[in-house]
Amino acid sequence: MKRNVYADHAATTALSDTALNAMLPYFQEKFGNPSSLYGFGQAAKADLDAARAEVAACLGAKPDEIFFTSGGTEADNWALRGVAEARGGKGRHIITSTIEHHAILHTLRYLEKYEGFQVTYLGVDSEGFVNPADVKAAIRPDTILISIMSANNEIGTIEPVTEIGAIAREAGVLFHTDAVQAVGHIPVNVDRWNVDLLSLSGHKFHGPRGVGVLYVRKPLRLPPLIHGGGQEKGRRSGTENVAGAVGLAAALKEAAAHLDGEGARLTALRDRLMDGLLSAVPRCKITGPRENRLPGTASLVFECVEGESILLRLDAMGIQSSSGSACSSASLDPSHVLLGIGLPHEIAHGSVRLSLGRENTGEDVDYMLKVIPEVIAGLRAMSPIWED
Ligand code: PLP
């Protein structure tokens, strides 16, 4: 029987009931502008600040280190461009990895092209890990920032952020981490991780889309990316998205409360899915590591088939998945992440990411284990390059 299985939680998630109910009053009854001085506006400001405090508590941060943004992309842009502007007089070298999200890579390309920065792109190993020793070796007297993601959106690798943070701190270099895929899924603590800046996004953990956070460790002050009416203590202008902030905070609190149990549940489902596919499908391989991997993210490559064709066939069978990151699937080039872990082009083309989440069950995994091998076999039967 055909089943609907949403297996693309790394792309986005459904708003949880808790987040929705927390948000609803702010669209009509409590629509006040937090900048208004009368009580109705100040009540909205108080609720916005309560959301800020909740987010801070979930990250081990202080409320005045939390700035709401329009999402993960803006938080990443602001972190990099803000540090470039604030510290560019001290040095113009930045360190990152080759497998970051495009919100990081394209911003750094911009800084190289238009602002005269030099960027070192560190390679990763075959499972996607950045080696902390490589980070240390890349630091120069003019290095002002290290930006390494907490967890990769395509292959689920959880980077050694604590070690990299310690190296950055010892060298007196600022450390930013794009934690968009990590927050709400694995424990995150800005002090344990030694981070100065951290980006997160509401829609990756059942919060609303179009709202994110940049954490900025005090006393660091970033110049604004968005100029205007001076909201968010002059750092990020624009009338505040109170409903979004309240929904993000409610979703984060909810995710944090179930982190261990849900993490263990998803890890078991993910491993059963990956192992089942490995044994049922010849010439396929897991991408990313076995350990230190995001709980819900399964990713594989299948030889002699196109990822896009697999996705379309799976969609017809009710399974929603992705080939690499959703943002890059408009392009026909293989994903930079899969090339970054050393896969040849022809293998990287056959990639599928199945990212499990809150609504997925064991029956969903059973269904995927039945359908996916059939889909791959069907595609291979039509392929002129496939030899069994
Ligand atoms: N960084 C990572 C690692 C992501 O996975 C994403 C979204 O896919 C982003 C940044 C961008 O976040 P947003 O969609 O909130 O702009």
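The structure displayed is predicted, hence computed values, not measured ones. Just so you know, these numbers use all the heavy atoms, side chains as well, and skip hydrogens, waters and symmetry mates. All ligand and atom numbering here is 1-based and tracks the order in the structure.
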Item to complete: Please work out which of the three classes, parallel, tilted or perpendicular, describes the rings of W78 and F67, given edges at 30° and 60°.
Response: perpendicular

Discussion item. Salt bridge check, D142 against K90: does any charged N sit closer than 4.0 Å to a carboxylate O?
Written reply: no

Practice prompt. Check ligand 1 against T73 and write out every atom of the ligand that is under 4.0 Å from a heavy-atom position of the residue.
Written response: 11 (C), 12 (O), 13 (P), 16 (O)

Discussion item. Between E232 and R52, does any NZ, NE, NH1 or NH2 come within less than 4.0 Å of an OD or OE carboxylate oxygen?
Written reply: yes

Practice prompt. Would you mind running through ligand 1 and noting each atom that sits below 4.0 Å from a heavy atom of G71?
Written response: 15 (O)

Response to the item:
Counting heavy atoms under 4.0 Å, the part of D76 that contacts ligand 1 is side chain

Worksheet, complete the sentence: Quick look: H203 vs ligand 1, heavy-atom contacts under 4.0 Å, and the answer is side chain

Fill in: K204 to ligand 1, any heavy atom closer than 4.0 Å
yes

Discussion item. For R272 and D366: C-alpha separation, side-chain torsions, deciding distance, then whether salt bridge (charged side-chain N to carboxylate O under 4.0 Å, His left out) applies.
Written reply: CA-CA 9 Å; R272 188 155 76 78; D366 295 340; 2.9 Å; yes

Discussion item. Walk me through whether L80 and V83 qualify under side chain to side chain contact (heavy atoms under 4.5 Å, CB included).
Written reply: CA-CA 5 Å; L80 303 179; V83 170; over 6 Å; no

Discussion item. Within the 4.0 Å heavy-atom shell around S201, which atoms of ligand 1 are there?
Written reply: 13 (P), 15 (O)

Practice prompt. Give a yes/no verdict on a cation-pi contact between R87 and F117, requiring under 6.0 Å between NZ or CZ and the six-membered ring centre and an angle within 45° of the axis.
Written response: no

Discussion item. Using a 4.0 Å cut-off to any heavy atom of G72, which atoms of ligand 1 qualify?
Written reply: 12 (O), 13 (P), 15 (O), 16 (O)

